[in-house]
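Chain identifiers are assigned alphabetically (A, B, ...) following the order of the sequence lines, protein sequences preceding nucleic acid strands; residue numbering begins at 1 within each chain.
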Number of protein chains: 2
Amino acid sequence: MQISKKCEYALRAMYELAKDKTNTPISVSKIAERQCIPYKFLEQIFSILRKHNLVKGVSGKNGGYILYSPANQITIAEILKAAEGNLNIISCLQGDETCQFFHNCDFKNFWTKFNAHIIEFLNFFTLEDIIKGV
Amino acid sequence: MQISKKCEYALRAMYELAKDKTNTPISVSKIAERQCIPYKFLEQIFSILRKHNLVKGVSGKNGGYILYSPANQITIAEILKAAEGNLNIISCLQGDETCQFFHNCDFKNFWTKFNAHIIEFLNFFTLEDIIKGV
DNA sequence: TAAAAACATACTAATTTAGTATGAATTGTC
DNA sequence: GACAATTCATACTAAATTAGTATGTTTTTA
């Protein structure tokens, strides 16, 4: 039940982009430095964020990344989902049928509600909210 | 952000005890069999649950475990917290000062709220609720 | 006294997480 | 056109965590 470094870094990186109002690309190295994130690890994370259309990459000199959408339209859920792959708290919720009790599970209702509760929260807040201090 | 097997097993084990209305001890081996949990792993889990006063152990032949309190007084939060050690979603919330931003973190408000949201949910439901179908 | 159980602790194997390494492709500047 | 700064791509490795085993001792009932 821990938030991974990857998720934390993804959020912090997106936050750095969101804070910048110049709308010019910011390089991975600058963000890595500002947020104390290992450079090469962050490069990987940006690659994922780009593939999920959360950022746009600008190649070449003076290149970098910018947000794909306005900060008030990017939810925390989207960022975490991209970084983590999914937002399911337990594998049966993503269709892992290897569980003995997959088709008759006394906990499925509970897990489903719990997961929905979490996702509802993460969907509610955007990057803009973090900038405003939550 | 995944629920560990340990947590899942702890919940299932507690649930097995809660379902039994005879109030006589149930052995680890019976619960392991009923819930398809590796026996020795489950023994360890019960040891933890006992230390957290969630179950009482009865040694010797015909021994086993019984719930420490009525099922409607044992919350899911208590069980998960015992199994996991804590319910913090991110290490800074449990006082990990190694983070660069420990004293000035733009995300602390958000994580605190998120964590509270999760714990509130887990505190609300008891074992009895699971038996009733959530 | 034998069997069935909890209780204790150390070890190991598997998996996931976090991070490195290497290099190709793109683009602006001199 | 060369060079530098950047993204983009992919494979590898090291550290940490999770999941599970192994080897006992102690307690209690029949």
Side-chain angles (χ1 to χ4, degrees), chain A residues 1-13 17 24-33 35-66 68 80 83-86 88-91 94 96 98-99, chain B residues 1-13 17 24-33 35-68 80 83-86 88-91 96 98-99:
Chain A
M1 280 271 301
Q2 285 275 125
I3 295 287
S4 66
K5 287 286 173 192
K6 198 170 174 186
C7 282
E8 205 192 325
Y9 294 163
L11 273 178
R12 286 186 176 279
L17 296 186
T24 54
I26 307 179
S27 69
V28 174
S29 56
K30 278 213 179 101
I31 291 173
E33 193 191 352
Q35 289 289 340
C36 301
I37 301 171
Y39 169 69
K40 275 293 177 184
F41 194 23
L42 186 55
E43 251 192 343
Q44 275 183 43
I45 292 167
F46 266 112
S47 175
I48 293 166
L49 294 172
R50 183 177 50 79
K51 281 167 189 158
H52 284 81
N53 281 346
L54 292 169
V55 296
K56 282 179 218 163
V58 179
S59 278
K61 195 160 182 177
N62 303 329
Y65 287 96
I66 55 174
Y68 197 93
L80 294 185
E84 196 82 331
N86 68 79
N88 295 317
I89 213 82
I90 197 158
S91 61
Q94 47 193 310
D96 170 15
T98 64
C99 174
Chain B
M1 281 272 300
Q2 285 274 124
I3 294 289
S4 65
K5 287 286 174 194
K6 199 171 175 184
C7 281
E8 204 192 327
Y9 294 163
L11 274 178
R12 287 186 175 278
L17 296 186
T24 54
I26 307 179
S27 68
V28 174
S29 56
K30 278 211 180 103
I31 292 173
E33 193 191 352
Q35 289 290 340
C36 300
I37 302 171
Y39 169 69
K40 277 292 179 184
F41 194 23
L42 186 55
E43 252 192 343
Q44 276 183 44
I45 292 167
F46 266 111
S47 175
I48 293 166
L49 294 172
R50 183 176 52 77
K51 282 167 188 158
H52 283 80
N53 282 345
L54 292 169
V55 297
K56 282 179 218 161
V58 179
S59 279
K61 197 160 178 179
N62 301 329
Y65 287 96
I66 56 173
L67 290 187
Y68 197 93
L80 295 185
E84 196 82 331
N86 69 79
N88 296 317
I89 213 84
I90 197 157
S91 60
D96 171 16
T98 64
C99 174

Legend entry - Which residues share a side-chain contact (heavy atoms from CB on, under 4.5 Å) with A:Ala10, sequence neighbours left out: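 Counting only residues at least two positions away or on another chain, A:Ala10 forms a side-chain contact (heavy atoms from CB on, under 4.5 Å) with A:Ile45, A:Leu49, A:Ile79, A:Ala83.
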Legend entry - Residue list, side-chain contact (heavy atoms from CB on, under 4.5 Å) with A:Lys5, at least two apart or on another chain: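 Expected list: A:Glu8, A:Tyr9.
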Inset, instruction - Produce a footprint string for nucleotides 21-30 of chain C: one letter per nucleotide, 5' end first; B if the base is under 4.0 Å from any protein heavy atom, S if only the sugar-phosphate is, - if neither. - result: -BB--BBSS-
Inset, instruction - Go along nucleotides 13-18 of chain C 5' to 3' and tag each nucleotide: B for a protein heavy atom under 4.0 Å from its base, S when only backbone or sugar atoms are that close, - otherwise. - result: -----S
Legend entry - Sequence neighbours excluded, every pair satisfying side chain to side chain donor-acceptor pair (under 3.5 Å) that has a member inside residues 37-46 of chain B: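 Applying side chain to side chain donor-acceptor pair (under 3.5 Å) to every pair that reaches into residues 37-46 of chain B, excluding sequence neighbours, yields B:Tyr39-B:Glu43, B:Lys40-B:Glu43.
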Inset, instruction - Using a 4.0 Å heavy-atom cut-off across all strands, classify B:Phe46 as base, sugar-phosphate, or nothing. - result: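 Touches nothing.
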Inset, instruction - Could you tell me which residues satisfy side-chain hydrogen bond (donor to acceptor under 3.5 Å, both in side chains) with B:Glu84, sequence neighbours excluded, listed by chain and number? - result: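 In terms of side-chain hydrogen bond (donor to acceptor under 3.5 Å, both in side chains), with neighbours along the sequence ignored, B:Glu84 is linked to B:Ser4.
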Indicate every side-chain donor-acceptor pair of residues 51-66 of chain B with a distance under 3.5 Å to a residue at least two apart or in another chain.
| from | atom 1 | to | atom 2 | distance (Å) |
| --- | --- | --- | --- | --- |
| B:Lys51 | NZ | B:Ser47 | OG | 3.4 |
| B:His52 | ND1 | B:Ile48 | O | 3.0 |

Inset, instruction - Report the distance from atom CD1 of A:Ile89 to atom SG of B:Cys7, rounding to the nearest 0.5 Å. - result: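 Result: 10.5 Å between the selected atoms.
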Legend entry - Separation between CG of A:Leu17 and CD1 of A:Ile26, rounded to the nearest 0.5 Å: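 The distance works out to 5.5 Å.
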Legend entry - Test log, rule side chain to side chain contact (heavy atoms under 4.5 Å, CB included), inputs A:Met1 and B:Asn86: CA-CA 9 Å; A:Met1 280 271 301; B:Asn86 69 79; over 6 Å; no
What is the separation between atom [atom1] on [X] and atom [atom2] on [N], rounded to the nearest whole Å?
| X | N | atom1 | atom2 | value |
| --- | --- | --- | --- | --- |
| B:Leu42 | C:dA6 | CG | P | 9 Å |
| B:Tyr39 | C:dA4 | OH | P | 11 Å |
| B:Arg50 | C:dA5 | CZ | C1' | 13 Å |

Legend entry - Covered region of DNA chain D, 5' end to 3' end, by chain A [heavy atoms, under 4.0 Å]: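 Boundary nucleotides touching chain A, in 5' to 3' order, are D:dA5 to D:dA11.
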